[in-house]
There are 2 protein chains.
Amino acid sequence: MPLCQHFSVDCPSRKLFEQIADKWSMMVLTVLEHGPVRFNAIKRHLEGVTQKSLTQCLRKLERNGLVERQVIPASPVAVEYGLTPLGQSLLPPFKALYLWTIDNMAQVDAARTDFDLRQEEARVSA
Amino acid sequence: MPLCQHFSVDCPSRKLFEQIADKWSMMVLTVLEHGPVRFNAIKRHLEGVTQKSLTQCLRKLERNGLVERQVIPASPVAVEYGLTPLGQSLLPPFKALYLWTIDNMAQVDAARTDFDLRQEEARVSA
DNA sequence: CGGCATCCTATTAGATACTG
DNA sequence: CAGTATCTAATAGGATGCCG
């Protein structure tokens, strides 16, 4: 199947891409792979995320039906986030992407170094 | 292979995710699938992108070695962007993700409507 | 045509304090 | 513990004009 060649603002796959392709969503879904995890536990997995950003991210994932929020009435209250079947179904494509990053990390790093070097050369000669 | 379970800021796959998982990169790479495309042609494919954002995006892709920039000396000058072999290698995982969006669009939409409805109910009863 | 520089605004993210 | 609310800082994005 060919990919979409014109990404209008109404292109449905574009809209969906925008929902899942942000800074934290992929990582959150990955953390939940093996079962429900509590809020602060997720937070500990994602170095650098603020509680606010994580809350927003989880709300969005919940709204899109990828993640399920379950409140466990206790004192203090516990909240667990788990993948829905829909969220589970997103893991295989994510893993494909993950494997790509592993396989090609070195090449990307090399390209980066090379690019920065050429930039520096251009800057000096100017 | 299990996915990374702790995404430190130094996690290499995290760093790579951040480079490719932004608003325009996926779409740009997709547009270049069948061969080099000129700047304004890419722009026409991506409704809503400004020239500034597109330039930034292309620079990043170039720096990461996914895209190649070729200046064709003419008057006025022409610039073509094409996929490198590395960029090509990213298309299959992207397609997997694309197929997922096609397959699950309806479910996501339904989940969204449902979520918004429940939110509205909660708001009213409060 | 394909940019870059500038300015300005809008959106996002971070820090902090507070609550059930 | 798992948030919400508020304020501020940083960053991204848009508009415009100029240049090779």
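All chains are named by letter (A, B, ...) in the order of the sequence lines, taking the proteins before the strands, and each is independently numbered beginning at 1.
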Self-check item: hbond_proxy B/Gln51 side chain to D/dT16 base (donor-acceptor, 3.5 Å cutoff)
Solution: no

Practice problem: Check the distance between C/dG14's C1' and A/Lys23's NZ and give it to me in whole angstrom. | Solution: 11 Å

Quiz prompt | Atom-to-atom span, CG of B/Leu58 to C1' of C/dG3 - whole angstrom | solution = 11 Å

Exercise. Identify the two heavy atoms, one from A/Arg69 and one from A/Tyr81, that lie closest to each other, and give their separation to 0.1 Å.
Key: NE-OH, 3.3 Å

Quiz item: When the distance from CG of A/Asp22 to C1' of C/dA13 is rounded to whole Å, what number comes out?
Solution: 13 Å

Quiz item: Where do A/Ile20 and A/Met26 come nearest, in terms of heavy atoms and distance?
Solution: O-CG, 3.9 Å

Quiz prompt | 5'-most by nearest nucleotide on DNA chain C - B/Arg38 or B/Arg59 | solution = B/Arg38

Practice problem: Run the salt-bridge test on B/Arg118 and B/Asp114 with the 4.0 Å N-O cut-off and return the result as yes or no. | Solution: yes

Quiz prompt | A/Thr84 side-chain N/O to A/Gly65 backbone N/O, donor-acceptor pair under 3.5 Å | solution = yes

Exercise. Taking only Lys NZ, Arg NE, NH1 and NH2, and the carboxylate oxygens of Asp or Glu, determine whether B/Lys95 and B/Glu33 approach each other closer than 4.0 Å.
Key: yes

Quiz item: Could you state the NZ-C1' distance from B/Lys60 to C/dG3, rounded to the nearest angstrom?
Solution: 19 Å

Exercise. Indicate the atoms forming the closest heavy-atom contact of A/Phe39 with A/Gln51, along with that distance.
Key: CZ-O, 3.8 Å

Quiz item: Is A/Thr50 near enough to C/dG14 that one of its side-chain N or O atoms lies under 4.0 angstrom from OP1 or OP2?
Solution: yes

Exercise. Consider the side chain of B/Asn40, meaning its heavy atoms from C-beta on, and name the nucleotide among C/dC7, C/dC1, D/dG3 that approaches it most closely.
Key: C/dC1

Quiz prompt | Taking every non-hydrogen atom, the tightest pair across B/Asp22 and B/Lys60 | solution = OD2-NZ, 3.0 Å

Exercise. Tell me, with the steps shown, if A/Ser89 and B/Trp100 meet side chain to side chain donor-acceptor pair (under 3.5 Å).
Key: CA-CA 8 Å; A/Ser89 75; B/Trp100 184 91; 2.8 Å; yes

Quiz item: Where along residues 73-83 of chain A does a heavy atom come under 4.0 Å from DNA chain D, residue by residue in number order?
Solution: A/Pro76, A/Val77, A/Val79, A/Tyr81

Practice problem: Using atom CZ of B/Arg44 as one end and atom P of C/dG2 as the other, report the distance to the nearest whole Å. | Solution: 8 Å

Quiz item: Once you round it to whole Å, what is the distance between C1' of D/dC1 and CD1 of A/Ile72?
Solution: 11 Å

Quiz prompt | Inter-end axis angle, the helix from C/dC1-D/dG20 to C/dG20-D/dC1, with every axis fitted to five base pairs (rounded, 10 degrees) | solution = 50°

Quiz prompt | Per A/Thr55 side chain, nearest of listed nucleotides D/dA2, C/dA15, D/dT4 | solution = D/dT4

Self-check item: Euclidean distance, atom CG of residue B/Leu46 to atom C1' of D/dG13 [Å, nearest integer]
Solution: 15 Å

Exercise. Not counting sequence neighbours, list each pair that qualifies as a salt bridge (charged side-chain N to carboxylate O under 4.0 Å, His left out) and has a residue in residues 47-57 of chain A.
Key: none

Quiz item: In whole angstrom, what separates B/Gln70's CD from C/dC1's P?
Solution: 19 Å

Quiz item: Looking at the side chain of A/Lys52, which of C/dG14, C/dG2, C/dA17 is the nearest nucleotide?
Solution: C/dG14

